[in-house]
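Remarks on the structure that follows.
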Amino acid sequence: MSRKHLLDVTTDAPDSSSAAEHRAAKTRSMPLLGVTRKERDPATKLTANIGNALREQNDRLGRAEEIERRLAEGQAVVELNASSIEPSFVQDRMQGDIEGLLASIREQGQQVPILVRPHPVKPAHYQVAFGHRRLRAVSELGLPVKAVVRDLTDEQLVVAQGQENNEREDLTFIEKARFAHKLNKQFPREIVIAAMSIDKSNLSKMLLLVDALPSELIDAIGAAPGVGRPSWQQLAELVEKASPPAGAAKYAASEEVQALPSSERFKAVIDHLKPRRTARGLPDVLSTPDGDRLAQVTQSKSKLEITIDRKATPDFAAFVLEHLPALYQEHRAKHQRKQGV
């Protein structure tokens, strides 16, 4: 399906699946911000699959850099004060680690300029179309920002922002879904589709998913690299069944969970919301790692009985009886913390 050209953007896939023809066609006529979607040939061997995936990733990165370099081609690259530059009016990414980017710019300088437009309401200020991570890194290093300044409409800005991110593939699924959700509130569907390079069906799934999840829960989990749509859908279904519904967000925001990396926070919330397993999985005999018998377990639907042989381990039986009240208090306190009581 041909989409409306904004900034001379086209998102149609090439007719030929030949990589050589694709590259030749792109060399002959690559429009400003032109994006050519490369079809992946089916591979019959694992090595071929891996090779194709690596080549495609490198091709996409190269096209993203080509997009940015063409923007700078024939136009002045200026140095701006970072304090005069504001993010795009539509946030596309969540806060993440930029240590690698910081090290690169510290050693080699800012190699590729960011794209900005004059701020629509603030004189002598600018808004970023793309290059948010570079802006953040250069700002932290206290350096001037290399930028190309272009007059862009709101529609042109978000299309440039979305397509550059799609080529780099450095946004996680939930960041892309939230970006699409925000765009959908301000622009027609055709603009959102052009910016995201997705079809109507995938766009609808993203919008429904973001609507189903509390925003504070997504904020608490973070970008969650490597977590795809099926896993987020599973989370949405668990949140819908949770009682109280806000409990998931409180748990995700707890100090214990926030100490974890973003992807691990996602897993922790999933585990927290999953129905608890029953005691049916317990063994009939509890033993030490060395094989010493500790107790006999008898269970039914209504109760669980643990029988300790006082002749075999009299001291252990007394120890369990002595510490059982404190163990219960510890369990109760942990449960109350989880419930936010």
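Residue numbers run from 1 in the order of the sequence given.
Salt-bridge formation is not detected for the pair K205/D199: no Lys NZ or Arg NE/NH1/NH2 atom is positioned less than 4.0 Å from an Asp or Glu carboxylate oxygen. A salt bridge between E86 and K122 is present, with a side-chain N of the basic residue lying under 4.0 Å from a carboxylate O of the acidic one. Using a cut-off of 4.0 Å between Lys/Arg side-chain N and Asp/Glu carboxylate O, K267 and E264 are scored as salt-bridged. Using a cutoff of 4.0 Å between basic side-chain nitrogens and carboxylate oxygens, R136 and E140 are scored as salt-bridged.
Looking at Q127, its side chain never comes within 3.5 Å of a backbone N or O of V116 through a donor-acceptor pair. Judged by distance alone, the side chain of S139 and the main-chain N or O of A82 form no donor-acceptor pair under 3.5 Å. With Q156 contributing its side chain and T153 its backbone, the two residues share a donor-acceptor pair below 3.5 Å. Checked by atom type and distance alone, the side chain of R229 never pairs as donor or acceptor with a backbone atom of F173 at under 3.5 Å. Although no hydrogens or angles enter the test, the distance criterion places a donor-acceptor pair under 3.5 Å between the side chain of T172 and the main chain of A223. Remark: side-chain polar atoms of S88 are not paired, donor with acceptor, to backbone N or O of A129 under 3.5 angstrom. Of the possible donor and acceptor atoms, one in the side chain of Q258 sits under 3.5 Å from a partner among the backbone N and O of A252.
Side chains of N81 and S83: a donor on one and an acceptor on the other come within 3.5 Å.
Between H331 and Y328, the two ring planes are tilted [angle within 30° to 60°].
Distance CZ/R189 to CG/L207: 5.5 Å, rounded to 0.5 Å.
Partner L235 forms a side-chain contact (heavy atoms from CB on, under 4.5 Å) with one of I218, V269, I174 and no other, that one being V269.
Scanning for ring pair (Phe, Tyr, Trp, His ring centres under 6.0 Å) contacts around Y251 gives H272, with sequence neighbours left out.
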